[in-house]
Enquirer: 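Here it is, the structure, as structure tokens.
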Amino acid sequence: MSCFESAVLIIVGLCLLGLFFKIIKIPLRLAFKLAVNTVSGFVTLFILNFIGGFVGLSLALTPINAVVAGVFGLPGIVLLLILKYFF
């Protein structure tokens, strides 16, 4: 294999690698956003139950509450509180 063929193969490989990363860029961004929402939701739910217990503001740790807190994060916690106290 000559140097020219090696250079062409390296360039084609780098282009394919760049295309691959462009294709998976959006799903990785969504996965990262979901991970951040999950962590913030569970931390907020934990803090709310810990501190809110002193003033009577808490949410039960049910599977539905955990999913809503995990997917929607802080806005999900606010939604759960609104639903709990208005209905």
Side-chain angles (χ1 to χ4, degrees):
M1 190 179 280
S2 69
C3 283
F4 178 73
E5 290 173 345
S6 296
V8 169
L9 285 176
I10 290 173
I11 290 172
V12 169
L14 288 175
C15 289
L16 288 174
L17 188 64
L19 182 63
F20 175 72
F21 282 126
K22 272 197 174 285
I23 290 171
I24 66 168
K25 181 180 177 182
I26 292 172
L28 285 178
R29 186 180 306 146
L30 291 175
F32 180 73
K33 184 176 180 179
L34 181 64
V36 168
N37 279 346
T38 301
V39 169
S40 69
F42 286 128
V43 167
T44 306
L45 191 59
F46 176 74
I47 291 172
L48 176 74
N49 284 332
F50 183 71
I51 295 174
F54 296 120
V55 293
L57 185 69
S58 65
L59 287 171
L61 292 176
T62 63
I64 294 173
N65 288 351
V67 168
V68 171
V71 173
F72 296 113
L74 183 59
I77 300 291
V78 172
L79 174 70
L80 288 171
L81 285 172
I82 290 171
L83 288 174
K84 179 181 178 182
Y85 289 106
F86 283 116
F87 295 109

Enquirer: Ignoring hydrogens, what is the shortest heavy-atom contact between Thr44 and Ser40? Give both atom names and the distance.
Expert: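 Answer, listing the atom of Thr44 first, then Ser40: OG1-O, 2.6 Å.
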
Enquirer: Under 3.5 Å, which donor-acceptor pairs link side chains of residues 60-75 to any protein atom two or more places apart or in another chain?
Expert:
unit_1: Thr62; atom_1: OG1; unit_2: Asn65; atom_2: N; d: 3.2
unit_1: Thr62; atom_1: OG1; unit_2: Asn65; atom_2: ND2; d: 3.4
unit_1: Asn65; atom_1: ND2; unit_2: Ala60; atom_2: O; d: 2.7

Enquirer: Sequence neighbours left out, cut at 3.5 Å: what donor-acceptor pairs do the side chains of residues 77-87 make with other protein atoms?
Expert:
unit_1: Lys84; atom_1: NZ; unit_2: Ser58; atom_2: O; d: 2.4
unit_1: Tyr85; atom_1: OH; unit_2: Gly56; atom_2: O; d: 3.2

Enquirer: Which pairs would a plain distance check flag for residues 46-55, meaning a side-chain donor or acceptor within less than 3.5 Å of a matching protein atom at least two apart in sequence or in another chain?
Expert:
unit_1: Asn49; atom_1: OD1; unit_2: Leu59; atom_2: N; d: 2.8
unit_1: Asn49; atom_1: ND2; unit_2: Leu45; atom_2: O; d: 3.4
unit_1: Asn49; atom_1: ND2; unit_2: Leu59; atom_2: O; d: 3.0

